[in-house]
Trainee: 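Have a look at the structure that comes next, please.
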Amino acid sequence: MPLNFPILLTWLRIVLIPLMVGVFYLPDSVMSDSTRNVSGTVVFVAAALTDWLDGWLARRWNQTSSFGAFLDPVADKLMVMAALLILMHLGRVHTLAALIIIGREITISALREWMARIGASKSVAVHSVGKIKTVAQMVAIPMLLYESDVLFLSAHKVGTVLLWVAVFLTVWSMLYYIRRAMPQIAARSGADNNQG
């Protein structure tokens, strides 16, 4: 397993997940609701920044690796799923929205793994719709964790709207990736049937 600074940042993102979760389960005698919201938001944003930084440093320092390419999206998905489960538990996110996003992440991860196994990973390479979905998600989640008003805006309302935008883009991008993969899946299934 290669170990360099960008990969350490990715591991840091994974380590920050239980810290973010733990903040919301501290008793009221230890931390008030508002302090809990701010602390959880800060941890999530710090983790999200490591996502940008580790990729940028890996490319700049020419320290990209297949292990880093594998670990980075795993860390992202774990972070997003943990945050959505917290928000669902707190009643700040509709269960359907959280389940659609989590279900999509599991489905596309499995699809990408299978496509890589048959040597067709380029068919499900990241698309601009997926990138926009990620941006909407990564802005919505900290706003929902924070929940208080920001200047004249309700963080909860803005976060909720952005999360539903992310849900729409989640479904759209999932259908896009599945449609791109179908020819390869059909060809592979045909080849398997012929061998049988």
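Any value given below was found using the heavy atoms of this structure, including those in side chains, with hydrogens, waters and symmetry copies removed.
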Trainee: Working to the nearest 0.5 angstrom, can you tell me the gap between Ile100 CD1 and Thr107 OG1?
Mentor: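 If I round to the nearest 0.5 Å, the distance is 11.5 Å.
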Trainee: Please report the closest heavy-atom contact between Gly68 and Ser65, naming both atoms and the distance.
Mentor: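 Shortest heavy-atom separation between Gly68 and Ser65 comes out as N-OG, 3.0 Å.
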Trainee: When rounded to the nearest 0.5 angstrom, what distance separates NZ in Lys131 from CG in Leu169?
Mentor: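 So the gap between those two atoms works out to 14.5 Å.
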Trainee: So how far is it from Leu26 CG to Ser39 OG, rounded to the nearest 0.5 Å?
Mentor: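 Atom-to-atom, Leu26:CG and Ser39:OG are 8.5 Å apart.
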Trainee: Under 6.0 Å from the six-membered ring centre of Tyr177 and within 45° of its axis: does the NZ or CZ of Arg112 meet both?
Mentor: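 Positive - Arg112 is close enough to the ring of Tyr177 and near enough to its axis.
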Trainee: Do Val45 and Ile86 belong together in a cluster built from hydrophobic side chains that touch within less than 4.5 Å?
Mentor: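 Different clusters: Val45 never reaches Ile86 through Ile, Leu, Val, Met, Phe, Trp or Tyr contacts under 4.5 Å.
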Trainee: Tell me whether Met20 is reachable from Val74 by hopping between hydrophobic residues (I, L, V, M, F, W, Y) whose side-chain heavy atoms are closer than 4.5 Å.
Mentor: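 Cluster IDs for Val74 and Met20 match.
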Trainee: Which residues pass the side chain to side chain donor-acceptor pair (under 3.5 Å) test with Asp33, sequence neighbours left out?
Mentor: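 Asp33 satisfies side chain to side chain donor-acceptor pair (under 3.5 Å) with Arg36 only.
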Trainee: Return the NE2 to CG distance between His94 and Leu87, rounded to the nearest 0.5 Å.
Mentor: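 Between atom NE2 of His94 and atom CG of Leu87 there are 14.0 Å.
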Trainee: Please determine whether side chain to side chain contact (heavy atoms under 4.5 Å, CB included) holds for the pair Met31 and Phe24, giving the CA-CA distance in whole Å, both sets of side-chain angles, and the decisive distance to 0.1 Å.
Mentor: CA-CA 9 Å; Met31 192 175 282; Phe24 287 96; over 6 Å; no
Trainee: Given side chains that start at C-beta, do those of Gln63 and Ile7 come closer than 4.5 Å, heavy atoms only?
Mentor: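 Gln63 vs Ile7: side chains apart.
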Trainee: Distance from His89 atom NE2 to Leu85 atom CG, nearest 0.5 Å?
Mentor: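 With rounding to 0.5 Å, NE2 (His89) is 10.5 Å from CG (Leu85).
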Trainee: With clusters defined by side-chain heavy atoms of hydrophobic residues (ILVMFWY) lying less than 4.5 Å apart, directly or transitively, does Tyr176 cluster with Met182?
Mentor: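 Same cluster: Met182 reaches Tyr176 through Ile, Leu, Val, Met, Phe, Trp or Tyr contacts under 4.5 Å.
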Trainee: Any chain of hydrophobic side-chain contacts (each under 4.5 Å) joining Ile14 to Phe67?
Mentor: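 Linked within one cluster.
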Trainee: Sequence neighbours excluded, which residues qualify as side-chain contact (heavy atoms from CB on, under 4.5 Å) partners of Met81?
Mentor: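 So Met81 forms a side-chain contact (heavy atoms from CB on, under 4.5 Å) with Lys77, Ile102, Glu105, Ile106.
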Trainee: With sequence neighbours excluded, tell me which residues meet side chain to side chain donor-acceptor pair (under 3.5 Å) with Thr134.
Mentor: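 Thr134 satisfies side chain to side chain donor-acceptor pair (under 3.5 Å) with no other residue.
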Trainee: Provide the closest heavy-atom pair for Ala75 versus Ile17 in the form atom of the first, atom of the second, distance.
Mentor: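 What the structure gives for the nearest pair is O-CD1, 4.2 Å.
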Trainee: Over all heavy atoms of both residues, which pair between Ala140 and Gly159 is shortest? Give the atoms and the distance, please.
Mentor: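 Here Ala140 and Gly159 meet closest at CB-O, 3.4 Å.
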Trainee: Given the rule in the side chain to side chain contact (heavy atoms under 4.5 Å, CB included) test, do Ile101 and Leu163 qualify, once you have shown the distances and angles that lead to the verdict?
Mentor: CA-CA 9 Å; Ile101 292 173; Leu163 195 73; 3.9 Å; yes
Trainee: Can you get from Leu19 to Val15 by hopping between Ile, Leu, Val, Met, Phe, Trp and Tyr side chains that sit under 4.5 Å apart?
Mentor: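 No, it is not one cluster - the side chains of Leu19 and Val15 are not joined through contacts under 4.5 Å.
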Trainee: Quick one: side chain to side chain donor-acceptor pair (under 3.5 Å) partners of Thr35, sequence neighbours excluded?
Mentor: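 Only Ser32 meet the side chain to side chain donor-acceptor pair (under 3.5 Å) criterion with Thr35.
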Trainee: Considering only distance and modelled atom types, tabulate donor-acceptor pairs under 3.5 Å from the side chains of residues 50-61, sequence neighbours left out.
Mentor:
from, atom 1, to, atom 2, distance (Å)
Thr50, OG1, Arg13, NH1, 3.2
Thr50, OG1, Ala47, O, 2.5
Asp54, OD2, Thr10, OG1, 2.7
Asp54, OD2, Arg13, NH1, 2.9
Asp54, OD2, Arg13, NH2, 3.4
Arg59, NH1, Gly55, O, 3.3

Trainee: Answer whether the closest heavy-atom distance between the side chains of Thr95 and Leu99 falls below 4.5 Å.
Mentor: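 With C-beta onward as the side chain, the pair touches.
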Trainee: If you count the non-hydrogen atoms of other residues, nucleotides and ligands that lie under 6.0 Å from CH2 in Trp164, is the total more than 12?
Mentor: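 Count over threshold, so yes.
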Trainee: Does a donor on one side chain sit under 3.5 Å from an acceptor on the other, for Thr160 and Arg92?
Mentor: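 On atom types as modelled, these side chains do not qualify, holding no pair under 3.5 Å.
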Trainee: For a 4.5 angstrom cut-off between non-hydrogen side-chain atoms, does Tyr146 reach His156?
Mentor: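 No, their side chains stay 4.5 Å or more apart.
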Trainee: List the steps, then state whether side chain to side chain contact (heavy atoms under 4.5 Å, CB included) holds for Leu145 with Asn37.
Mentor: CA-CA 6 Å; Leu145 289 171; Asn37 289 343; over 6 Å; no
Trainee: Tell me, please, which residues at least two apart from Glu113 pass side chain to side chain donor-acceptor pair (under 3.5 Å).
Mentor: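 Applying side chain to side chain donor-acceptor pair (under 3.5 Å) to Glu113 gives Arg117.
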Trainee: Take Met174 and Lys133 through the test side chain to side chain contact (heavy atoms under 4.5 Å, CB included) and record every step on the way to the result.
Mentor: CA-CA 11 Å; Met174 181 176 70; Lys133 179 269 304 180; over 6 Å; no
Trainee: Nearest 0.5 Å, please: how far is OG in Ser173 from CD1 in Ile178?
Mentor: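 Reported value, rounded in 0.5 Å steps: 9.5 Å.
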